[in-house]
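Sequence lines set the chain letters: A, B, ... in the order given, protein chains first and strands last, and positions in each chain run from 1.
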Number of protein chains: 2
Amino acid sequence: MNAALSESQQDYLKIVLDLINEKKVARIKEIARRKGVSMPSVTEAMRKLSKTGFVQYSTHEFVELTGKGETAAHRLFSKNMFLKNFLVDVLDIDEQVAEKEACELEHHLRATTLDRLILLYQFLSARQQTDRPSLTLFRKCLRIAEGLSEEDPACGFRFWENRYPHRQSESTVHTLLSKLEQGQRGQIVMLGPDTEIRRRIIDRGLLPGSRFVLEEKGTAGRPFRVRCDGCLIELELIATNMIEVAVEQPN
Amino acid sequence: MNAALSESQQDYLKIVLDLINEKKVARIKEIARRKGVSMPSVTEAMRKLSKTGFVQYSTHEFVELTGKGETAAHRLFSKNMFLKNFLVDVLDIDEQVAEKEACELEHHLRATTLDRLILLYQFLSARQQTDRPSLTLFRKCLRIAEGLSEEDPACGFRFWENRYPHRQSESTVHTLLSKLEQGQRGQIVMLGPDTEIRRRIIDRGLLPGSRFVLEEKGTAGRPFRVRCDGCLIELELIATNMIEVAVEQPN
DNA sequence: TTGAAAAATTAGGCTCGCCTAATTATCTTA
DNA sequence: TAAGATAATTAGGCGAGCCTAATTTTTCAA
């Protein structure tokens with residue numbers, strides 16, 4: 001029963017997650033309104049999604065996400081969020097428009113491309129002190145990040161050491177995820193250069209822009225647990241040392 | 001009869017243009033092979049496209065593009081080409097993969113976003129001498145390019161004056177389109193910062209990466225005529241002064 | 001010039017994602 | 001607690017875009 005989700009189904013899943021986060025429950029009417037379709041269409045879609053095990057649903061009940069559905073929705077959500085951020089922060093697209101466009105593009109972006117786009121985003125957010133053309137520089141960073149370069153990274157340009165997030169305001173504190181205390185909230189700013197680990201992080205849906213709560217601080221032996229868009233993610237200590245976050249003050 | 005083209009139809013149109021350019025004629029079987037569908041599907045699609053006036057086709061004949069179809073196909077082609085270049089040149093995606101991905105993304109990229117992406121591509125290809133964070137710099141360039149900045153562009157960073165195309169090899173000569181002689185071939189490298197004119201150029205499908213022949217050199221009063229992917233494009237003198245091209249040596 | 005091979009078309013059918021109209025279930029409140 | 005309002009479902013249908021199998025048309029070569 002491991003059917004691939006169609007584009008439309010992905011949209012439904014994302015909407016359901018949104019609704020549950022916002023209003024605690026997802027009801028047919030609201031889903032229909034958000035997706036801009038009629039209610040019968042939603043009923044039918046939910047039936048299908050429940051048959052493939054992404055949602056739990058029987059007639060006249062609220063729609064809920066299964067574990068599988070939650071994971072999937074959560075991934076989509078993060079991807080979407082990042083894409084929107086890219087469009088808004090980098091390309092200066094209007095926020096409303098970016099939201100819609102991100103939804104559409106999302107379905108067609110391969111994992112590698114997303115990964116590279118994240119690197120580009122981070123690259124552009126970093127401070128540079130060099131007179132070389134940016135593209136050459138970016139390509140070099142790509143190679144270093146992918147571990148494909150035999151050059152000594154130290155002699156190359158290390159954008160990882162030298163970040164300068166443009167969104168950083170005076171009041172936000174940037175630190176590593178591993179440094180946070182239990183219960184603290186934050187937003188991902190950057191992912192480290194390690195390909196293998198970065199991929200794993202991205203696969204779980206933790207992308208620049210994602211907001212989270214540190215539910216359980218881990219140790220060398222025990223993983224960190226981070227809740228993000230209603231989904232629990234486990235991360236080993238080593239990974240949390242590669243994730244730069246902006247701490248949200250409880251205020 | 002000005003129906004919007006579905007994604008699938010857009011693909012068909014692009015394939016037809018490709019085939020006509022490559023093999024002089026587009027036959028059902030080839031279209032089917034390239035699109036990965038069966039021949040009856042193609043027949044049906046062609047019938048529809050001919051009803052809406054994009055292709056000229058009757059049973060058992062080769063498929064041809066009408067003027068309308070050619071313009072549309074040509075635009076799609078350029079867009080696709082640019083997108084592929086972006087994926088390959090900037091994000092270092094494998095060429096095969098980039099081609100497919102460009103096709104899929106293409107349909108969902110709004111015109112503004114494409115425009116901004118072109119600017120980003122050009123920005124990254126430009127030489128920079130500064131220690132400011134790139135993103136800030138890029139956003140500033142965006143504003144200048146859009147004419148939204150009251151700042152004196154001269155005191156800001158002028159990436160237009162300072163290009164450094166990474167693809168430039170020793171043998172290629174870069175110049176302005178207006179400087180070309182009749183009959184010369186080339187490839188678009190950059191489009192100038194003037195929003196209004198740039199938009200018009202982009203709308204006609206002349207994007208960075210497009211290859212063309214200068215068919216007729218114009219004057220102040222008479223437009224330049226450029227053929228690109230089998231489509232004739234007229235450009236005023238002022239526009240040709242804003243288009244940087246790589247000249248292809250006839251060898 | 002004719003007949004086999006190749007190309008194209010017709011016929012009929014499928015799924016997906018949507019729709020409207022009609023009906024039924026649930027909620028709310030007087 | 002019953003009736004009117006609201007929400008959801010069933011039934012039936014539509015178009016897009018694809019398919020296979022069968023048939024027809026065109027091409028090409030002996």
Side-chain donor-acceptor distances from residues 35-42 of chain B under 3.5 Å, at least two apart:
from: B:Lys35; atom 1: NZ; to: B:Ser8; atom 2: OG; distance (Å): 2.9
from: B:Ser38; atom 1: OG; to: B:Ser41; atom 2: OG; distance (Å): 3.1

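- OP1 or OP2 of C:dA8 lies within a sub-4.0 Å distance of a side-chain N or O belonging to B:Arg27.
- At D:dA8, none of the side-chain N or O atoms of A:Thr43 fall inside 4.0 Å of OP1 or OP2 (strictly under the cut-off).
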Name the atoms and distances for all side-chain donor-acceptor pairs under 3.5 Å in residues 21-31 of chain A, with sequence neighbours left out.
from: A:Glu22; atom 1: OE1; to: A:Arg34; atom 2: NH2; distance (Å): 3.0
from: A:Glu22; atom 1: OE2; to: A:Arg34; atom 2: NH1; distance (Å): 3.4
from: A:Glu30; atom 1: OE1; to: A:Arg33; atom 2: NH2; distance (Å): 3.4
from: A:Glu30; atom 1: OE2; to: A:Arg33; atom 2: NE; distance (Å): 3.0

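- Whole-Å rounding puts the B:Leu19 CG to C:dA7 P distance at 14 Å.
- Taking atom CD1 of residue B:Ile28 and atom P of nucleotide D:dC19, one finds them 14 Å apart after rounding to whole Å.
- Pairing each heavy atom of B:Ala246 with each of B:Val189, the nearest pair is N-CG2, 3.5 Å.
- When the C1' atom of D:dA7 is taken as reference, atom CZ of A:Arg33 falls 15 Å away, rounded to whole Å.
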Can I get a per-line list of side-chain donor-acceptor pairs under 3.5 Å for residues 53-61 of chain B, giving both atom names and the distance, sequence neighbours left out?
from: B:Ser58; atom 1: OG; to: B:Glu61; atom 2: OE1; distance (Å): 3.1

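- At whole-Å resolution of the value, CD in B:Glu61 and P in D:dT27 are 10 Å apart.
- For A:Arg47, there are no salt bridge (Lys or Arg N to Asp or Glu O under 4.0 Å) partners two or more places apart in sequence or in a different chain.
- In this entry the distance linking CG of B:Leu13 with P of D:dG17 reads 13 Å, nearest Å.
- The separation between B:Met46 atom CE and C:dA7 atom C1' is 15 Å, rounded to whole Å.
- Counting to the nearest Å, the P atom of C:dA8 and the CZ atom of B:Arg47 are 14 Å from each other.
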(request) Summarise protein proximity over nucleotides 16-28 of chain C in one line of letters, 5' to 3': B for base, S for sugar-phosphate only, - for none, counting protein heavy atoms closer than 4.0 Å. (result) -SBBBB---SS--

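- By the salt bridge (Lys or Arg N to Asp or Glu O under 4.0 Å) test, A:Glu64 is found to be paired with no residue, residues two or more places apart in sequence or in another chain being considered.
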